[in-house]
Amino acid sequence: MTAMTPLDAWTATRLGLPGKRLDRQILENYQLDKLSATVRFAVANSPFYRKHLGQSAAAGIRTLGDLTSLPFATATDLRSWGAQMLCVSQSRINRVVTLDTSGTLGEPKRLWFTADDQSLTVDFFQAGMSTLTRPGDRVLILLPGRRPGSVGDLLAQALARLGAASLPYGWVTDLAAAARFMRQSRADSVVGSPVQVLALARYTTGRVDLAEFPRTVLLSTDYAPGALIREVERLWGCRVFDHYGMTEMGLGGGVECEAHSGYHLREADLLFEVVDPNTGERQPDGCEGEVVFSTLTRRGMPLIRYRTGDLSRILPEPCACGSSLKRLDRLGGRLDSILRLPTDGTLRLSEIAEGVFAVPGTIDYTATVAVDGHRVKLAVSVLTLGGRSSMWETVEAELERIETVRNARAAGCLELRADSRECDDGVLPVSGKRLFRKVT
Ligand SMILES: [Zn+2]
């Protein structure tokens with residue numbers, strides 16, 4: 001039998017019903033109250049929302065469906081008007097996170113959190129981590145955690161409440177050093193980004209005794225291809241749980257249960273919608289679209305109908321674990337990671353990722369696109385580990401299995417080139433979220 005996600009009981013407690021089964025009607029009444037309060041609060045305290053939503057916006061929200069009458073907030077709004085979305089004085093801000101500082105996308109995104117906002121994230125992390133950790137476990141954290149309020153720090157606070165020990169490490173740059181740390185610290189669980197955890201799993205296989213591998217893994221911070229998850233599970237003989245979240249959500253958004261069938265959502269703090277990315281119309285459950293969320297409990301910088309750019313769908317059928325919480329399907333990629341081909345087809349970066357990670361020995365990749373008239377040139381560079389330097393033929397063959405790739409190549413409008421190189425001395429390159437790199 002599949003154990004019910006601990007998020008269910010946690011959400012019931014948040015609704016003031018500890019020990020009771022979570023009731024959807026009560027949850028939705030709570031969400032409506034919180035949503036109306038958030039809109040009122042934002043309009044009263046933020047110049048941006050006053051103008052964006054209008055003075056009387058809260059009066060128009062009588063049902064959760066009325067939310068669709070409100071305009072979306074976008075990443076561009078965040079970049080342009082971030083400071084005006086702030087709803088409390090700077091003195092009440094406990095943490096500011098600056099994202100996308102490369103300058104390639106214009107102004108960076110800034111997000112402001114109060115101590116209470118962060119405390120809610122710790123609560124969510126505590127409930128979410130209890131899916132895969134037990135009291136007494138030792139949890140290796142391969143995420144930044146030095147600064148107070150950083151993701152690693154909040155996770156360590158949550159683990160302390162669970163009675164688990166946290167082993168903060170930070171991003172992995174040197175695989176040998178990280179493997180040594182993992183072995184010496186005897187970690188029961190590992191939390192990290194998908195490509196970094198896969199690289200560590202490949203590196204340690206054959207070097208570390210199987211008994212010393214972690215029992216469970218939580219992947220976070222980036223899209224985790226199914227092929228990568230299966231490979232980590234195979235290499236370490238562990239269970240991998242995937243987490244969905246972004247800084248804008250207050251880091252945590254949803255986490256898989258033991259059924260590994262979509263993310264149970266953090267519905268006490270966030271209200272999720274899925275909309276048609278072109279028309280903005282609400283999509284029925286089961287249909288894919290852009291994930292949009294509204295914060296229900298945030299004070300520093302509430303976000304109302306924030307467009308994430310992520311593609312997914314609400315799973316219509318109940319989860320095998322029996323939870324009443326909504327589930328978001330594994331992501332189908334990002335809107336900015338869809339390549340339109342001259343043959344009318346589209347190719348998603350997530351499809352390329354699945355192909356790349358299906359090849360033994362791969363640990364990371366980049367995909368570069370150049371458009372030359374009616375011809376698209378796609379170059380996929382793969383990083384490998386374990387003496388498998390010349391893998392390009394296998395990678396090409398794997399990508400050729402994607403129907404759109406096959407059709408576009410046959411029609412002569414897609415030029416695909418794969419190359420591969422061995423990761424030198426186990427030193428990982430710095431890599432953020434995976435995107436199509438465009439060259440002209
Ligand atoms: Zn479940």
Side-chain angles (χ1 to χ4, degrees), residues 1-15 17-28 30-31 120-121 123-135 137 139 155 158-159 162 164 189-191 194 214-220 223-226 228-230 232-233 238-246 249-274 283-289 291 293 296 308 310-332:
M1 212 176 101
T2 312
M4 188 183 287
T5 173
L7 294 183
D8 204 277
W10 171 67
T11 308
T13 304
R14 288 285 308 277
L15 266 52
L17 298 166
K20 297 250 170 65
R21 274 299 307 270
L22 179 62
D23 180 290
R24 266 229 74 83
Q25 195 52 54
I26 296 174
L27 172 60
E28 289 178 8
Y30 159 98
Q31 289 183 315
L120 288 169
T121 296
D123 271 359
F124 171 72
F125 282 174
Q126 181 185 352
M129 285 304 289
S130 69
T131 314
L132 63 148
T133 51
R134 304 192 283 243
D137 274 355
V139 183
L155 195 51
L159 290 166
L162 272 175
S189 298
V190 172
V191 181
R215 188 186 75 242
T216 56
V217 164
L218 183 81
L219 299 179
S220 194
Y223 169 75
L228 182 151
I229 291 175
R230 287 190 293 278
V232 172
E233 288 191 326
C238 65
R239 297 289 300 277
V240 173
F241 294 79
D242 197 14
H243 167 254
Y244 174 56
M246 56 174 64
M249 285 174 193
L251 299 168
V255 71
E256 286 183 338
C257 69
E258 284 185 2
H260 302 278
S261 171
Y263 314 100
H264 283 291
L265 295 170
R266 182 184 171 186
E267 291 195 86
D269 293 315
L270 302 167
L271 182 61
F272 285 88
E273 302 170 77
V274 172
Q283 293 283 55
D285 288 357
C287 286
E288 190 188 63
V291 179
F293 71 89
L296 298 174
T308 62
D310 288 332
L311 291 165
S312 187
R313 63 188 185 122
I314 299 289
L315 291 164
E317 64 277 7
C319 183
C321 81
S323 169
S324 303
L325 287 168
K326 283 193 178 179
R327 280 176 308 149
L328 193 71
D329 200 2
R330 292 177 48 74
L331 298 194

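For ligands, and for the atoms within them, numbers begin at 1 and follow the listed sequence. Keep in mind the model is a prediction, meaning the values are calculated, not measured. Heavy atoms only: backbone and side chains are in, while hydrogens, waters and symmetry mates are out. Index from 1, following the sequence.
At least one donor-acceptor pair under 3.5 Å links the side chain of Arg239 to the backbone N or O of Glu258. The closest donor-acceptor contact from the side chain of Asp8 to the backbone of Ser324 lies under 3.5 Å. A side-chain donor-acceptor contact under 3.5 Å links Asp23 to the backbone of Gln25.
Listed by first and then second residue, the salt bridge (charged side-chain N to carboxylate O under 4.0 Å, His left out) pairs involving residues 314-325 amount to none (not counting sequence neighbours).
Using cut-offs of 30° and 60° for the angle between ring planes, the Phe241 and His260 rings count as tilted.
Of the charged side-chain nitrogens involved, at least one lies within less than 4.0 Å of a carboxylate oxygen, so that Arg24 and Glu267 count as a salt-bridged pair.
For the Zn ion (ligand 1), the count of nearby protein N/O/S atoms, taking only those under 2.8 Å, is 4.
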